[in-house]
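Inspection log for the structure reproduced underneath, given as structure tokens.
Throughout, a chain's letter reflects where its sequence line sits, starting with A, and its residues are numbered from 1.
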Number of protein chains: 2
Amino acid sequence: MAPTTRQPAEQPHPPDDRTPPDGAVADGAVAVRGKGRPRSAAADQAILDATREALAELGWGGLTMGDVAQRAGVAKTTLYRRWPSKSELVVDAIASLFDQLECTDRGSLQADIEAVVARFAELLTLPETQAALLALFAEGSRDPQLRRRIRERIVQPQKVLVELGRANAQARGEMDPDRDPAVAAEEVGIIFDTIAGTVEHRLLVSGEPVTADWIRRFTTLLLGPFPGLLR
Amino acid sequence: MAPTTRQPAEQPHPPDDRTPPDGAVADGAVAVRGKGRPRSAAADQAILDATREALAELGWGGLTMGDVAQRAGVAKTTLYRRWPSKSELVVDAIASLFDQLECTDRGSLQADIEAVVARFAELLTLPETQAALLALFAEGSRDPQLRRRIRERIVQPQKVLVELGRANAQARGEMDPDRDPAVAAEEVGIIFDTIAGTVEHRLLVSGEPVTADWIRRFTTLLLGPFPGLLR
DNA sequence: CAGATACGCTACGACCAGTAGCGAAAGAGC
DNA sequence: GCTCTTTCGCTACTGGTCGTAGCGTATCTG
């Protein structure tokens, strides 16, 4: 806090507050209107791709900024003009993968959850996510700014999926329609942590595979009494 | 693999294959019978304590071997004579905390689970575990030896707790006694990943607290139909 | 006492994150 | 076309870390 009073006044595209990785020209997004030479959007893409590639090959610990720059055909200083640190670069590189997640309405809550779990597990078996995800979470535990970025770009989009699934189920009449919204929101939180945490733990900590059969049993556990478990 | 054929023949206490951190003299453990000057058990303890302390203060990224050595009043080289790397040292430092977990029989499966979840959550709010656990899991994803050590010293003891809880419940007649042991083992695996993963995710990723109320709701979700969730 | 081993110390090699300063390139606005 | 602004690539550098080597000394066993 208490920013030193310096107001550099010479940061056209602020070094940390990143411009969106492009693709925004036709989006109606405000596109910042810089005056000088614009940043190369191609470089952005090349850097993110190179990051994922290096991550998959070398893991979090093996990835170096110099290596990424070389793979992307770009100077190392260019990386630091766009991302404030290695961690934040990796967040962005990984986040795009999680954008592919979606919650399609398959007619029942159980089917919806099974589909999203399967897709999520698939993402977590990619070598790049496997190498990066836990390292990012760990890094974020000591860096509030990084934590915020992780939440925004990786965690929140997943949570929205659970919320969406819940809304679909409610629309289908699978759930009590008179539920107190506050309570419902809390439940979404519990279920989100349960789904994401369990799949991550099984794949990344226990190191056991997530098969269709496992998904079915886990989802059943989530939605009702585990057959034969009690009584 | 394919170890270079060198057979140093001068490793009395092998540098990686650690001697148990002591406390074993009266345990009937075989106590290795070295011939020269024995390792200082006090140093072992001092190092592990210093590691936890540094972890709590500086986090995983901030912890350095030099600093730990200084806190422990020991030369840095001594650390490396006992642990092959920073990661493995931290595993041992953290593992001792998880030894405190236990599954006391409180008369019902729900009560047992609630107790163990509460205790687990308590451990995960310690700054030292908070700083180390995810970092270790991340590190382990690229290092099989470390992964093995983590499983042995941290994950497996937790899993045993779930198994124990299940046995207690079965003894109390809360569960089907004729259950196929193979299926039962798989179920223990699912439930273990669910409990550990969910609590970790909530505390370390979502960053939300684990209250008594949350524990009750989560356990209820685990054991039966979430009240009012479906239908 | 002799042999074996652990210990502390100092120094070192290799590597990496992140920064500094420059000249050159590439757009924007006129 | 010209100027102004900003980015880009390059090279070099700082500061810090892991992990190792070599030595003399301390401590234990037989």
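Taking only distance into account, the side chain of A/R39 never meets the base of C/dG27 through a donor-acceptor pair shorter than 3.5 Å. Between the side chain of B/R37 and the base of C/dG3 there is no donor-acceptor pair of N/O atoms closer than 3.5 Å.
Between B/I47 atom CD1 and C/dC7 atom C1' the separation is 11 Å, expressed in whole Å. Whole-Å rounding puts the A/D143 CG to C/dA17 P distance at 16 Å. The nearest whole Å value for the distance from the OH atom in B/Y80 to the P atom in C/dG13 is 18 Å. Computed from coordinates, the B/R81 CZ to D/dA26 C1' distance equals 12 Å when rounded to whole Å. Straight-line distance from the CG atom of B/L89 to the C1' atom of D/dG19: 14 Å, rounded to whole Å. The nearest whole Å value for the distance from the CH2 atom in B/W83 to the C1' atom in D/dT20 is 18 Å.
Comparing B/A43 and B/G36 by the nucleotide of DNA chain C whose heavy atom lies nearest to each, the residue mapping closer to the 5' end is B/G36.
Listed pair A/K35 / D/dT6 fails the phosphate criterion, with no side-chain N or O lying under 4.0 Å from OP1 or OP2.
A salt bridge links B/R71 to B/D67: one of the charged nitrogens lies within less than 4.0 Å of a carboxylate oxygen. Salt-bridge formation is detected for the pair A/R153/A/D92: a Lys NZ or Arg NE/NH1/NH2 atom is positioned less than 4.0 Å from an Asp or Glu carboxylate oxygen. Note on A/E139 versus A/R147: no salt bridge recorded, every NZ/NE/NH1/NH2 to OD/OE distance being 4.0 Å or above. The pair A/K159-A/E163 does not count as a salt bridge, with every side-chain nitrogen at least 4.0 angstrom from each carboxylate oxygen.
Among B/L63, B/I47, B/L97, the single residue meeting the side-chain contact (heavy atoms from CB on, under 4.5 Å) criterion with B/R52 is B/L97.
Taking every heavy atom of residues 62-79 of chain B and every atom of DNA chain C, pairs under 4.0 Å involve B/G73, B/V74, B/A75, B/T77, B/T78, by number.
Side-chain N/O atoms of B/D193 and A/S206 include a donor and acceptor closer than 3.5 Å.
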